Asker: 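Supplied in structure tokens, the structure appears directly below.
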Amino acid sequence: MTTLFALCDCNNFYASCERVFKPALNGKPVVVLSNNDGCVIARSNEAKALGIQMGEPLFKIRNLVDNRHVHAFSSNYVLYGDMSDRVMQCLSRFTPNIEIYSIDECFLDLGDFYSKDLNAYAREIKETVHQWTGIPVSLGVAPTKALAKVANKLAKKSKKANGVLVLTTPYHIQKALEATNIEDVWGIGGQYANFLKKRNIHTAYDFTQLSENWVRQHMTVVGVRLLKELRGESCLELEEVAPPKKGICTSRSFGKKLNNFEEVQEATATYAAKCAKKLRKQKSCARLITVFVNTNWFSERDSQYHGSKTICLPVATNSDIELIHYANIALKAIYRDGYWYKKSGVMVTDIVPENQVQLDLLDTVDRGKHAKLMEVIDGLTDRFGRGKVSVATQGVDKAWLLRSDMKSPCYTTRLSEIQTVYVR
DNA sequence: TCTGGGGTCCTAGGACCC
DNA sequence: TCTGGGGTCCTAGGACCC
């Protein structure tokens with residue numbers, strides 16, 4: 001059986017989302033910033049043309065932003081998540097077999113469409129998504145996922161392709177591989193790119209000429225899989241159902257540096273509650289919780305400290321109350337006075353399905369009661385918005401909160417004005 | 001002054017067991 | 001003095017992705 005994949009990738013996704021609701025920004029440079037308005041994480045084509053790099057800190061390009069009238073937005077993940085859902089729903093009308101690969105990318109199984117005019121079909125997909133959601137996308141079509149990635153990159157880059165490139169013949173595939181720099185290949189990061197270039201491997205085509213043994217020796221079985229994929233042998237299947245996560249992490253840099261235990265504790269408790277919520281969403285419980293704290297490692301003045309502590313819970317849980325309790329214990333064990341803290345985080349691992357939790361005979365926690373309470377809290381959160389109901393440790397003043405001074409409204413989701421309630 | 005956050009997979013090496 | 005061999009599990013670290 002011949003395989004055929006399309007990779008649909010939203011162009012400059014976050015920047016495009018902002019533009020959908022502010023069409024006056026079309027044709028103008030737009031950037032979206034990371035949490036705390038720290039660095040650039042999305043750029044419109046006009047912003048790229050100004051030389052603004054991905055990941056560049058805002059303060060380094062302040063002049064450019066001001067002088068060239070670059071429109072900067074704080075990130076608004078609720079908006080982007082909702083726009084992503086709309087794009088994916090639209091795509092699923094074209095084939096039921098899709099894999100949502102990331103917030104802005106989707107693989108489509110086009111195996112049944114080989115006899116169709118693939119160029120016309122891909123273009124129809126592209127135009128429909130744009131019409132329905134306002135988001136511009138590019139499509140690459142090829143016999144393997146890695147080749148679909150190659151096709152997608154070229155579809156974006158080439159004026160002639162204009163957002164759609166179909167690679168089905170050996171001739172076109174070879175031309176595409178020759179036109180793709182090795183560092184632009186999916187699965188080749190900076191380390192491997194340097195390593196390969198030193199050995200005179202500069203394009204994706206050069207890479208396909210290597211021997212399987214050599215690649216295995218230097219790049220593990222992952223490299224071999226990529227080699228086969230680029231040679232047209234499909235090794236990566238469409239994963240329509242996302243497997244449950246094996247680890248869940250919530251961490252943030254604080255809006256300002258902190259040297260006060262209570263404030264770090266509030267932030268950390270909030271991250272623990274976020275982990276609990278993510279666990280409940282995928283109907284899992286976790287048995288290991290890790291808390292870590294960091295000072296600002298960019299600062300040359302402040303003395304540096306990194307602490308982390310993992311605690312094994314007697315019984316796996318997804319309750320806010322329990323995870324906050326153990327997060328507090330872990331934090332107390334690693335917190336040292338006399339440092340300026342910039343970031344903390346909570347990670348939960350050893351994750352099991354909710355209905356397969358091993359119980360402990362000496363367990364003193366009323367799990368039924370916790371589950372009921374969490375159900376109520378989740379219900380309130382869904383109706384009235386995040387942060388309206390919380391465990392008291394999470395704090396009220398929140399001096400540690402992120403900065404996001406340039407955030408767009410949540411155009412697509414409801415906001416609420418209900419009084420905040422605290423559960424003790 | 002200001003520098004993101006959240007994941008995956010693979011391998012090597014040590015501990016431990018029979 | 002001689003000092004096995006194979007298997008599993010765990011962890012740390014390194015690579016990658018968006």
Side-chain angles (χ1 to χ4, degrees), chain A residues 7-10 12-14 31-42 52-63 65 72-77 80-81 84 99-107 145-146 149 152-153 182-196 215-226 235-236 239 242-257 267 271 274-275 278-279 281-282 288 290 292 294-302 308 310 312 340 342-351 402-406:
Chain A
L7 174 65
C8 177
D9 187 326
C10 301
N12 315 325
F13 182 55
Y14 298 169
V31 297
V32 176
L33 305 168
S34 63
N35 283 327
N36 273 326
D37 297 336
C39 36
V40 172
I41 55 169
I52 297 174
Q53 298 300 310
M54 192 70 169
E56 210 165 1
L58 179 60
F59 73 91
K60 283 191 181 165
I61 51 164
R62 195 75 247 187
N63 282 338
V65 168
F73 290 89
S74 303
S75 35
N76 183 345
Y77 290 104
Y80 311 150
S84 173
E99 171 187 342
I100 298 171
Y101 178 69
S102 75
I103 194 163
D104 68 336
E105 283 179 56
C106 185
F107 284 105
K145 281 179 156 185
K149 276 269 189 186
N152 188 286
K153 267 242 155 85
I182 189 66
E183 65 266 27
D184 293 332
V185 173
W186 188 39
I188 304 289
Q191 300 296 316
Y192 282 142
N194 285 337
F195 172 81
L196 291 167
V215 172
R216 188 189 320 274
Q217 197 184 330
H218 294 99
M219 303 173 69
T220 79
V221 298
V222 181
V224 174
R225 205 154 52 207
L226 176 61
C235 306
L236 301 169
E239 285 180 36
K245 296 198 189 324
K246 297 170 180 171
I248 288 172
C249 178
T250 307
S251 76
R252 298 275 185 289
S253 297
F254 309 135
K256 57 176 191 179
K257 54 184 188 179
Y271 306 155
K274 273 201 203 308
C275 286
K278 292 179 192 172
L279 282 169
K281 193 171 174 202
Q282 69 165 27
L288 291 177
T290 304
F292 59 89
N294 285 325
T295 48
N296 180 6
W297 53 282
F298 286 107
S299 167
E300 289 170 8
R301 259 199 351 259
D302 301 339
S308 101
T310 301
C312 181
W340 285 101
K342 184 61 184 167
K343 180 176 184 175
S344 78
V346 175
M347 195 165 24
V348 290
T349 48
D350 197 355
I351 289 176
L402 308 173
R403 283 189 308 272
S404 63
D405 300 330
M406 296 160 271

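Being a predicted model, the structure only gives us computed values, none of them experimental. Below, chains carry the letters A, B, ... as their sequence lines are ordered, and counting in each starts from 1.
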Asker: Would you mind telling me which residue lines up with the more 5' stretch of DNA chain B, S251(A) or V222(A), judged by nearest nucleotide?
Answerer: S251(A)
Asker: Reckon E105(A) touches a base, only the sugar-phosphate, or nothing at all at heavy-atom distances under 4.0 Å?
Answerer: sugar-phosphate
Asker: Starting from C1' on dG6(B), measure out to NZ on K246(A) and report it in whole angstrom.
Answerer: 15 Å
Asker: Atom CG of L226(A) and atom P of dC17(C): how far apart are they, to the nearest Å?
Answerer: 10 Å
Asker: Under 30°, 30 to 60°, or over 60°: which ring-plane class applies to Y77(A) and Y14(A), parallel, tilted or perpendicular?
Answerer: perpendicular
Asker: Give G190(A) one of three labels, base, sugar-phosphate or nothing, depending on what nucleic acid heavy atoms sit under 4.0 Å from its own.
Answerer: sugar-phosphate
Asker: Assign V40(A) to base, sugar-phosphate, or nothing according to its heavy-atom contacts below 4.0 angstrom with the strands shown.
Answerer: nothing
Asker: Over all strands shown, is G345(A) touching base, sugar-phosphate only, or nothing at heavy-atom distances under 4.0 angstrom?
Answerer: nothing
Asker: Under 4.0 Å between any heavy atoms, over every strand shown, what does R301(A) touch: base, sugar-phosphate, or nothing? Just pick one.
Answerer: nothing
Asker: Does I188(A) reach a base, just sugar-phosphate, or nothing at all? Heavy atoms under 4.0 Å.
Answerer: sugar-phosphate
Asker: For the pair made of CG in N194(A) and C1' in dG14(C), what is the distance, rounded to whole Å?
Answerer: 15 Å
Asker: Considering only dC18(C), dT3(B), dC10(B), which nucleotide approaches the side chain of C39(A) most closely?
Answerer: dT3(B)
Asker: How many Å lie between NZ on K245(A) and P on dC18(C), as a whole number?
Answerer: 15 Å
Asker: Do any side-chain nitrogens or oxygens of K343(A) fall under 4.0 Å of OP1 or OP2 in dG5(B)?
Answerer: yes
Asker: Taking K278(A) for the side chain and C249(A) for the main chain, is one N or O donor matched with an acceptor at less than 3.5 Å?
Answerer: yes
Asker: Indicate, with a heavy-atom threshold strictly under 4.0 Å, whether T250(A) touches base, sugar-phosphate, or nothing.
Answerer: sugar-phosphate
Asker: Of all the choices, dG4(B), dC17(C), dC10(B), which nucleotide is nearest to the side chain of S253(A) once you look at every atom?
Answerer: dG4(B)
Asker: Would you mind classifying the nucleic acid contact of K256(A) as base, sugar-phosphate or nothing, using non-hydrogen atoms under 4.0 angstrom?
Answerer: nothing
Asker: Nearest whole angstrom, please: distance from the C1' of dG4(B) to the NZ of K274(A).
Answerer: 15 Å
Asker: Under 4.0 angstrom, heavy atoms only, what part of the nucleic acid is R62(A) near: base, sugar-phosphate, or nothing?
Answerer: nothing
Asker: Which is true for D104(A) with a 4.0 Å heavy-atom rule: it touches a base, it touches only sugar-phosphate, or it touches nothing?
Answerer: sugar-phosphate
Asker: In whole Å, I'd like the distance from the CG atom of N152(A) to the C1' atom of dC17(C).
Answerer: 15 Å
Asker: Measure NZ/K145(A) against P/dC17(C) and give the value in whole Å, please.
Answerer: 15 Å
Asker: F298(A) side chain: which of dC10(B), dG4(B), dC16(C) is closest?
Answerer: dG4(B)
Asker: The side chain of R225(A) is closest to which nucleotide in this list: dC10(B), dC18(C), dC2(B)?
Answerer: dC10(B)
Asker: Scan K257(A) against the nucleic acid and name what it touches under 4.0 Å (heavy atoms): base, sugar-phosphate only, or nothing.
Answerer: nothing
Asker: Write down the distance between NE2 (H218(A)) and P (dA15(C)), rounded to a whole number of angstrom.
Answerer: 14 Å
Asker: Taking any heavy-atom pair under 4.0 Å as a contact, classify I248(A): base, sugar-phosphate, or nothing.
Answerer: sugar-phosphate
Asker: Which nucleotide in the set dC18(C), dG5(B), dA15(C) lies at the smallest distance from any side-chain heavy atom of K149(A)?
Answerer: dC18(C)
Asker: May I ask you to decide if L7(A)'s main-chain N or O and N152(A)'s side chain share a donor-acceptor pair within less than 3.5 Å?
Answerer: yes
Asker: Which base sits across from dC18(B) as a Watson-Crick or G-U pair, both distances under 3.5 Å?
Answerer: dG5(C)
Asker: Run the salt-bridge test on K342(A) and D302(A) with the 4.0 Å N-O cut-off and return the result as yes or no.
Answerer: no
Asker: Choosing from dG7(B), dC17(C), dG5(B), which nucleotide comes nearest the side chain of C249(A)?
Answerer: dG7(B)
Asker: Strictly distance-based, threshold 3.5 Å: is any side-chain N or O of E105(A) a donor or acceptor partner for the main-chain N or O of S102(A)?
Answerer: no
Asker: Counting only side-chain heavy atoms from C-beta out, which of dG4(B), dC17(C), dC10(B) sits nearest to Y77(A)?
Answerer: dG4(B)
Asker: Describe the nucleic acid contact of W297(A) in one word from base, sugar-phosphate, nothing, applying a heavy-atom distance below 4.0 Å.
Answerer: nothing
Asker: What nucleotide, of dT3(B), dG4(B), dC9(B), holds the atom closest to the side chain of P57(A)?
Answerer: dT3(B)
Asker: Which residue is it: N36(A), I52(A), V40(A), V65(A)? I am looking for the one with a side chain to side chain contact (heavy atoms under 4.5 Å, CB included) to L58(A).
Answerer: V65(A)
Asker: Under the 3.5 angstrom rule, does the side chain of Q282(A) hit a backbone N or O of K245(A) as a donor-acceptor pair?
Answerer: yes
Asker: Here's a test of your reading of the structure: between M54(A) and K278(A), which maps to the more 5' nucleotide of DNA chain B?
Answerer: M54(A)
